[in-house]
Student: 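I'd like to ask some things about the structure below.
Counting begins at 1 with the first residue of the sequence.
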Amino acid sequence: MIKITLPDGSIKEYNATVTGAQIANDISPRLAKAALAIQTNGSVIDLSRPIENDTGVKILTFDDEKGKEVFWHSTAHIMASAVVRLFPETKVTIGPAIENGFYYDFDRDEPFTPEDLGKIEAEMQKIVKEDAEFKRTDLSKTDARAKFEEAGENYKLEILEDLEEDGVSLYTHSDFVDLCRGPHIPSTGKIKAFKLLFVAGAYWRGSEHNKMLQRIYGISFPKQKMLDEHLKKLEEAKKRDHRILGTQLDLFSITDDIGAGLVLWHPRGALIRHEIEKFWFSQHFKNGYKIVNTPHIAHIDLWKTSGHLDFYNENMFTPIDMENTQFQLKPMNCPFHIMIYKSKLRSYRDLPIRWAEMGTVYRYERSGVLHGLMRVRGLTMDDAHIFCSYDQMPAETKKVVEFSIKMLRSFGFDTLKIYLSTKPEKYVGDDEQWDAATNSLKDTLDGMNIDYKIDEGGGAFYGPKIDIKLEDNLGRQWQCSTVQFDFNLPKRFDLNFIGSDGKQHTPYMVHRALLGSLERFFGTLLEYYGGYLPLWLSPEQVRVMPISEKQNDFAEDINNRLLDADIRSTLDDRSEKIGFRIREAENMKVPYMLILGEKEKTENKVSVREHIVGDHGKTDLDSFIKMLIEKIEKKETPVSKTE
């Protein structure tokens, strides 16, 4: 008998080998219709794959993140097959699912045109109507090599050469065959609605030394209504694109003269960043943290000890040679904090130790995935590490989760999604430690009565973690806070403290970031508010505008009084017409404008205009300043988050 444990704890028994499709059908015909794949023992497999041993399973549908990945990856295969049918000379490379959809990279001399995308969509529709089964074939690398040599698929041959395992798998639907680990949906007919979005250039394997390929991006859904809603959100998202807003509002720039993925902060953007950091530091001091600062590079042996060279090497820059010694740009801050801990003998009386740093790190993100501030190569992590005893771990984890939620809500983010990320495919430590650590984090979340989801395989290589994502009003999720349990690095670096029993003990370590990457958080803020930031973060809170030069002295006095009250104010006394200057201030999303004419000067009043809202009429300056200070201190969010 094979015992299959379902997510609700119930058990189904089978006399022999069973498939996910059978299990789904036994649960309910409705689930069987929606089923895309099955998750078992932390792995996602095809519904048709046999299950031969007792295990826990979850039937995946489009409502599950892993289900979406299978759905979108399968659509990428359908797109690739359509491209090859229409343009037989095209060489196919890879086509993964991404956060919102999928892409496939193609090697073709002629560029794909918008008309070509329309033709590809039409051909994809034919393939969907064929309702062709996705069939998996397992074979040796030798046999796979022979197959792709015959087809002239040189990119597949290169991928095969890099695979360590002797056995590989191919997936076939209709007349298309691809080298792929899978899994895939049962058949092409599951794809009910899709749209090819755009074409972009991407170097093969993300290296500028390789050939430039054509990457077609797309999105797909099981219902047309879902696609229509998504396309509407994409149109709204275009208006909020932080890259466009960054240029429009003169906040930051990224130029090839400096290097891809490296950000130049302009004065207005740097001021916003300063306000974020100032708040961050003040809250950390209040919550018992001490600030540390560490170098940007370190001896390569440090990264060997930490395990980064083994588990994170593909995201690290090439080492720097100096005086017959190799140094490495840091991708993480944690080994530095560990070395500070090791600088002297620690006692149980010192614990918990909470150290925080706004530390710039460098990660080699491939050029194909760089995206404004969201994916960069030089990023500032609002990092902290907590060293504590085993008994202190639950309380410290709870404090960090509470701190994270409080911080995010201070910036106006109301809808938060919590995930418990478990053991990844590559990890250090034994399974017993991983299970204990995962259960500890789970107990913390359960004890706080927090709703959360399990992200199977989403943990760091050194331990499980809690991820907190914010959701904007377009339904997009943004990764921010993370709380990572680490029982491995303290052992790798031989950390210890003297316990109350006079003996040496190994501390536990919590890695945590509240805002995550400051660059990504900044971009998230811009898109969340459409560039119309909360008053306390606005680089320019008030713009003072005299109607004519007769009010210039009065306007200058008003501006100086605002500056004296620590209000970020600027004076626009140019000879341009007032309507032009108001439109310019609106375009720059300045929260408040003070329009000063002869009446205002005579009455010693100011006429207040608020961005988006409109005119508020006249008031005295002291009342206006008092209102601004109250809004700033309360960290009020704008009247409208959508514009």
Student: If you take the centroid of each ring, where Trp contributes its six-membered ring, are F403 and H284 closer together than 6.0 Å?
Tutor: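 Ring centres of F403 and H284 closer than 6.0 Å.
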Student: Closer than 4.0 angstrom, basic N to acidic O: yes or no for E314 and R366?
Tutor: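 Here E314 does not pair with R366 in a salt bridge, since their nearest N and O are not under 4.0 Å apart.
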Student: Can you name the nearest heavy-atom pair linking L251 to F522, along with the distance?
Tutor: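 Reported closest heavy-atom pair: CD1-CE2, 4.2 Å.
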Student: Quick one: are the ring centres of F317 and Y362 less than 6.0 Å apart?
Tutor: no
Student: Please check if the side chain of Q248 supplies one atom and the backbone of N587 the other of a donor-acceptor pair under 3.5 Å.
Tutor: yes
Student: Look only at the side chain of N559 and the backbone of V544, and say whether a donor-acceptor pair between them is shorter than 3.5 Å.
Tutor: no
Student: Check S569 against L562 and note the closest heavy-atom contact, atom names and distance.
Tutor: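 Shortest heavy-atom contact: OG-CD1, 3.4 Å.
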Student: Classify the ring geometry of F521 against F411: parallel below 30°, tilted from 30° to 60°, perpendicular beyond 60°.
Tutor: perpendicular
Student: Is R512 close enough and on-axis enough to Y289, meaning under 6.0 Å and within 45°, for cation-pi?
Tutor: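 R512 over Y289 ring: yes.
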Student: Which atom names give the shortest non-hydrogen contact between G412 and Y528, and what distance separates them?
Tutor: O-OH, 3.3 Å
Student: In plain terms, say whether K465 and D467 are close enough for a salt bridge, that is, a side-chain N and a carboxylate O under 4.0 Å apart.
Tutor: yes
Student: Under 4.0 Å between a side-chain nitrogen and a carboxylate oxygen: does that hold for K399 and E402?
Tutor: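 Answer for the salt bridge query: no.
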Student: Evaluate the criterion salt bridge (Lys or Arg N to Asp or Glu O under 4.0 Å) for residue pair K233 and E236; output intermediate values, then yes/no.
Tutor: CA-CA 5 Å; K233 288 179 180 178; E236 179 62 30; over 6 Å; no
Student: Would you say the ring centroid of F279 lies under 6.0 angstrom from that of W536?
Tutor: yes
Student: Checking side-chain hydrogen bond (donor to acceptor under 3.5 Å, both in side chains) against E540, which of R568, K589, R268 comes through?
Tutor: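 So the option named by the test is R268.
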Student: Please name the pair of heavy atoms, one in C480 and one in L408, separated by the smallest distance, quoted to 0.1 Å.
Tutor: CB-CD2, 4.0 Å
Student: Are R543 and E586 close enough, and set up right, to give a salt bridge (Lys or Arg N to Asp or Glu O under 4.0 Å), and what steps lead you there?
Tutor: CA-CA 10 Å; R543 188 173 292 188; E586 289 281 1; over 6 Å; no
Student: Could you tell me whether E357 and K330 have a side-chain N and a carboxylate O separated by less than 4.0 Å?
Tutor: yes
Student: So, N560 side chain and E556 main chain: donor-acceptor pair closer than 3.5 Å or not?
Tutor: yes
Student: Please find the pair of heavy atoms, one from L514 and one from S404, that lie closest to each other, and give the distance.
Tutor: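 In terms of heavy atoms, the two residues are closest at CD2-OG, 3.0 Å.
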Student: Below 30° counts as parallel, above 60° as perpendicular, anything between as tilted: where do the rings of H385 and H511 land?
Tutor: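 H385 and H511: perpendicular rings.
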Student: List the steps, then state whether salt bridge (Lys or Arg N to Asp or Glu O under 4.0 Å) holds for K634 with E630.
Tutor: CA-CA 6 Å; K634 291 179 181 177; E630 288 177 353; 5.2 Å; no
Student: Below 4.0 angstrom, N of the basic side chain to O of the carboxylate: do E235 and K238 qualify?
Tutor: yes
Student: Parallel under 30°, tilted from 30 to 60°, perpendicular over 60°: which one fits the rings of Y532 and H611?
Tutor: perpendicular
Student: Check whether any side-chain N or O of E519 sits under 3.5 Å from a backbone N or O of T380 as a donor-acceptor pair, and report yes or no.
Tutor: yes
Student: Within the side chain of R377, is there an N or O that forms a donor-acceptor pair under 3.5 Å with the backbone of E365?
Tutor: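 At least one qualifying donor-acceptor pair exists.
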Student: Over all heavy atoms of both residues, which pair between A565 and I625 is shortest? Give the atoms and the distance, please.
Tutor: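 Answer, listing the atom of A565 first, then I625: CB-CG2, 3.8 Å.
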Student: Between H308 and W303, how do the two ring planes meet: parallel, tilted or perpendicular, split at 30° and 60°?
Tutor: perpendicular
Student: Check for a donor-acceptor pair, side chain of K601 on one end and backbone N or O of K550 on the other, with a separation under 3.5 Å.
Tutor: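 Looks like yes, one N/O pair under 3.5 Å.
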Student: Salt bridge or not for R581 and E576, using N-O below 4.0 Å?
Tutor: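 No, no charged N to carboxylate O under 4.0 Å.
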Student: Do D486 side-chain atoms and M509 backbone N/O form a donor-acceptor pair below 3.5 Å?
Tutor: no
Student: State which residue, out of K599, E600, E598, fulfils the side-chain hydrogen bond (donor to acceptor under 3.5 Å, both in side chains) condition with Q551.
Tutor: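 Running side-chain hydrogen bond (donor to acceptor under 3.5 Å, both in side chains) over K599, E600, E598 with Q551 returns exactly one hit, E598.
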